[in-house]
Amino acid sequence: MKFWLLKSEPDTFSYTDLESALNKGTVWDGVRNYQARNILRDDINVGDKAFFYHSSCKEPGIAGLCTVTETNITDPSSLDPTSNYYDPKSSPDNPRWITIRVVADRALNRVITLKELRQHEALSEMVLLNRGRLSVQPVSEEEWETILGLEHS
DNA sequence: GCCAACGTTGGC
DNA sequence: GCCAACGTTGGC
């Protein structure tokens, strides 16, 4: 099992929205960055865990945990001409954007903010803190445990 | 709203 | 294949 961090803008889709989706969860659509797509397509497996990170908001940080329940999904928005994420270069026969389904696991008892993450030496190598713009990124097991250890501190 | 970082596009 | 122009992300 591996660990990941998924970014979402809470004004668009928040951790609470994921919880509302119950066991159905959500298809992680709209990723249009090849590096992130490659991670979704090649590296993430069913059963992996991810932090749900709120970006572009008042208090950027990790809001909850989720679990990957399905992989190798063609991003439906890429094939929908009415979607903002429509990509005419993608097709059902030759899909360009592949993604995953996640379900909510549990909310953290508080949002662990980006500001707080920056204060811990053990997290100084986190992708989030060094290549901030990647929207799907790996988290090491050590980083995962360190961050969960902050929750009740 | 600003702007730094960085990804993408397209002319050559 | 280079690289300038442009667009996007996302913290502040």
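Here is the naming used below: chain letters follow the sequence lines, and residue numbers restart at 1 for every chain.
In this structure, CD of A:Q137 is placed 13 Å from P of B:dC6, rounded to the nearest angstrom. We find that CD of A:E59 is positioned 12 Å from P of C:dC12, with the value rounded to whole Å. Computed from coordinates, the A:L129 CG to C:dG11 P distance equals 11 Å when rounded to whole Å. The CG-P distance, from A:N38 to B:dT8, rounds to 10 Å in whole Å. We find that CG of A:L134 is positioned 22 Å from P of B:dA4, with the value rounded to whole Å. Nucleotide B:dC3 holds its P atom 16 Å from the CZ atom of A:R133, rounded to whole Å. Counting to the nearest Å, the C1' atom of B:dA5 and the CG atom of A:N130 are 13 Å from each other. Going from atom CZ of A:R32 over to atom P of C:dT8 covers 14 Å, rounded to whole Å.
In terms of phosphate contacts, A:R118 brings a side-chain nitrogen or oxygen within less than 4.0 Å of OP1 or OP2 of C:dC12. Dashed line: the shortest gap from a side-chain N or O of A:Y34 to OP1 or OP2 of B:dT9 is not under 4.0 Å.
Side chain of A:Q35, nearest nucleotide from B:dG7, C:dG11, B:dT8: B:dG7. When the nucleotides B:dG7, B:dA5, C:dG11 are ranked by their closest atom to the side chain of A:P60, C:dG11 comes out on top. If you check C:dG11, C:dG10, B:dG7 against the side chain of A:K7, the one that comes closest is C:dG10.
Among all heavy-atom pairs drawn from A:L150 and A:L123, the shortest one is CD1-CD1, 4.3 Å. The nearest pair of heavy atoms linking A:D105 to A:Y15 is N-OH, 3.3 Å.
No salt bridge links A:E141 with A:K49; every basic N to acidic carboxylate O contact stays at or beyond 4.0 Å.
A ring-centre distance under 6.0 Å is not found for A:Y85 and A:W97.
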